[in-house]
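Below is one structure, written out as structure tokens, with a few remarks after it.
Side chains included, hydrogens not; waters and symmetry mates left out as well; all remaining heavy atoms used. It should be emphasised that the depicted structure is a prediction, and the values quoted were computed from it without experimental measurement. Both counts, for ligands and for their atoms, begin at 1 and track the order of listing.
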Amino acid sequence: MHSKDQICHEDYQRTADWLLSQTQHRPKVAIICGSGLGMLADALKCQDSFKYSDIPGFPQSTVKGHAGRLVFGELKGKTCVCMQGRFHMYEGHSLSKVTFPVRVFKLLGVETLMVTNAAGSLADSYNCGDIMIIRDHINFPGLAGLNPLSGPNDDKFGPRFPPMSGVYDKSLRKMAFDICKSMGVSQYVQEGVYCMVGGPNFESIAEAGLLHKLGVDAVGMSTAPEVLVASHCGMRVFGLSLITNKVVKSYEDNESVSHEAVLEVSKMRSETLQALVTELISRMDINNNTA
Ligand SMILES: O=P(O)(O)O[C@H]1O[C@H](CO)[C@@H](O)[C@H]1O
Ligand SMILES: Nc1nc2[nH]cnc2c(=O)[nH]1
């Protein structure tokens, strides 16, 4: 380590080497589970799992609904690694810590990152329980200069000035839509723009009004940093938001959101999400390697 927050290439490599020495799995796909969505890992066969606290260099999860376990395994014959629990900026992690696993995954040989999250909706047509395929994001902390790529650029991972257009892979988005159609769930599938805010508070009504005017469809406190680090190092990215609540936009509305309610809705859609992710991975063009 150089300084408290700066992580160097050898730090990522050390963690990757440790994991490679502990498991025979050589994943090509990584899945990050959002709040209450850790069950996505349950579908993996022949699991090797590691508590974050046992993995050298790994940060720790502190949020309810984020178990803090890294699970390797096979999904329909494709080797995957799944984070049961992610790291958020509001937990006090630096953005390089938040995104640390993504670069470790790159060094493990991962080519595709699937991010999932729980989010509140701003779009008037969305309902609680909808699944939003992420078309694009607005990274508020990033626009304000809080960016995991700040600091010296590590050219071994990617360029100093990475483009951010077209990051959410078009063909995977289309494939996801087709799968939802064949699963008979398209009536609650949307495609839209995710906005990351810093959290940990949920939005004030005035903030909700601002995000709505900006054309944000769903808001949460994660995902954008992981996606931009993955894209920087050349990974293909796919993202899903589960709409766990409608963001309160009116002073007349007496509803209010809580993390417990978010976790409750995540549970409600767990089977559908698991089926969608499994089918998407099974249709991906991936060649498995073994150790
Ligand atoms: O983005 P994930 O990790 O799904 O979690 C979402 O849910 C939590 C709030 O309930 C926040 O952490 C928000 O970002
Ligand atoms: N910022 C934010 N994050 C969420 N995560 C789940 N729901 C919400 C929400 O309404 N706002």
Side-chain angles (χ1 to χ4, degrees), residues 30-41 52 59-69 82-93 95 97-99 101-102 113-124 126-134 137-142 146 190 192-212 214 216-228 237-250 253 255-270 273-274 277:
I31 306 161
I32 302 182
C33 302
S35 284
L37 299 173
M39 76 296 157
L40 292 174
Y52 291 167
Q60 304 309 311
S61 290
T62 67
V63 185
K64 199 171 161 205
H66 292 258
R69 209 169 24 234
C82 189
M83 282 178 73
Q84 275 186 322
R86 62 148 55 84
F87 311 114
H88 306 83
M89 205 171 75
Y90 63 76
E91 293 174 79
H93 299 298
L95 283 174
K97 278 280 180 190
V98 167
T99 56
V102 177
L113 178 70
M114 295 183 70
V115 279
T116 64
N117 61 55
S121 68
L122 279 313
D124 297 318
Y126 286 17
N127 291 306
C128 212
D130 281 359
I131 293 170
M132 184 185 87
I133 296 169
I134 305 178
H137 72 222
I138 295 174
N139 178 10
F140 260 118
L146 275 170
Q190 315 279 356
V193 174
Y194 175 85
C195 176
M196 181 202 178
V197 294
N201 61 284
F202 293 106
E203 290 61 45
S204 70
I205 291 173
E207 286 164 350
L210 171 74
L211 295 175
H212 189 228
L214 289 177
V216 167
D217 295 305
V219 60
M221 310 169 196
S222 69
T223 301
E226 297 149 355
V227 166
L228 73 96
V237 173
F238 175 77
L240 288 176
S241 293
L242 176 61
I243 304 303
T244 51
N245 56 287
K246 293 179 86 132
V247 177
V248 179
K249 289 191 294 227
S250 157
D253 192 340
E255 292 280 311
S256 91
V257 60
S258 70
H259 186 56
E260 283 61 40
V262 165
L263 295 180
E264 200 53 44
V265 177
S266 300
K267 217 190 297 171
M268 180 181 109
R269 276 284 181 260
S270 60
L273 273 173
Q274 202 178 56
V277 167

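Side chain of Ser258 to main chain of Ala261: a donor-acceptor pair is present (N/O by atom type, distance under 3.5 Å, no hydrogens or angles). For Thr244 (side chain) and Val265 (main-chain N/O), no donor-acceptor pair under 3.5 Å exists by modelled atom type. A donor-acceptor contact shorter than 3.5 Å links the side chain of Lys246 to the backbone of Tyr126. Listed for the Arg86 side chain is a donor-acceptor partner under 3.5 Å among the backbone atoms of Thr116. A donor-acceptor pair under 3.5 Å links the side-chain atoms of Gln274 to the main chain of Met39, judged by distance alone. Side-chain N or O atoms of His259 include one that pairs as donor or acceptor with a backbone N or O of Lys64 at under 3.5 Å.
Counting only heavy atoms of the protein, atom 3 (O) of ligand 1 lies nearest to His88 NE2, 2.7 Å. For atom 1 (O) of ligand 1, the nearest non-hydrogen atom of the protein is Ser222 OG, 2.5 Å. When hydrogens are left out, the protein atom nearest atom 9 (C) of ligand 1 is His259 ND1, 3.5 Å; that is the closest non-hydrogen contact. The shortest contact between atom 2 (P) of ligand 1 and any protein heavy atom is with Arg86 NH1, 3.4 Å. Here the heavy atom of the protein found nearest to atom 12 (O) of ligand 1 is Tyr90 OH, 2.6 Å. Of all protein heavy atoms, the one lying nearest to atom 13 (C) of ligand 1 is Met221 N, 3.8 Å.
Polar contact check, Thr223 against ligand 1: no nitrogen or oxygen pair lies under 3.5 Å apart. Geometrically, ligand 1 and Gly220 share no nitrogen or oxygen pair separated by less than 3.5 Å. Of the polar atoms of Ser35, at least one N or O is found under 3.5 Å from an N or O of ligand 1, judged by distance alone.
Judged purely by distance below 3.5 Å, without hydrogens or angles, the side chains of Asn117 and Ser222 never pair a donor atom with an acceptor atom.
If you number the atoms of ligand 1 from 1 as listed, the ones under 4.0 Å from a heavy atom of Gly34 come out as 4 (O). Listed by number with element, the atoms of ligand 1 under 4.0 Å from a non-hydrogen atom of His66 are 3 (O). Distances below 4.0 Å separate heavy atoms of Phe202 from the following atoms of ligand 1: 9 (C), 10 (O). Heavy-atom proximity to Asn117, at under 4.0 Å, picks out these atoms of ligand 1: 1 (O), 4 (O).
Sorted by chain and number, the residues within 4.0 Å of ligand 2 by heavy atom are Ala118, Ala119, Gly120, Val197, Phe202, Glu203, Val219, Gly220, Met221, Thr244, Asn245, Val247, Val262.
Counting heavy atoms closer than 4.0 Å to ligand 1, residue Val262 contributes side-chain atoms (C-beta onward) but none from N, CA, C or O.
Checked against Gln190 for a side chain to side chain donor-acceptor pair (under 3.5 Å), the options Asp130, Asn127, Asp217 give a single hit: Asp130. The only member of Leu146, Val219, Leu214 that meets side chain to side chain contact (heavy atoms under 4.5 Å, CB included) when paired with Phe140 is Leu214.
Two residues are said to be in side-chain contact when any heavy atoms from C-beta on lie closer than 4.5 Å; Ser250 and Ile205 fail this criterion.
Listed by chain and residue number, Phe58, Phe87 satisfy the ring-ring contact (aromatic ring centres under 6.0 Å, His included) test with Tyr52 (two or more places apart in sequence, or in another chain).
To the nearest 0.5 Å, the span separating SG on Cys82 from CD1 on Ile31 amounts to 4.5 Å. Rounding to the nearest 0.5 angstrom, the gap separating the CD atom in Glu203 from the SG atom in Cys195 is 8.0 Å.
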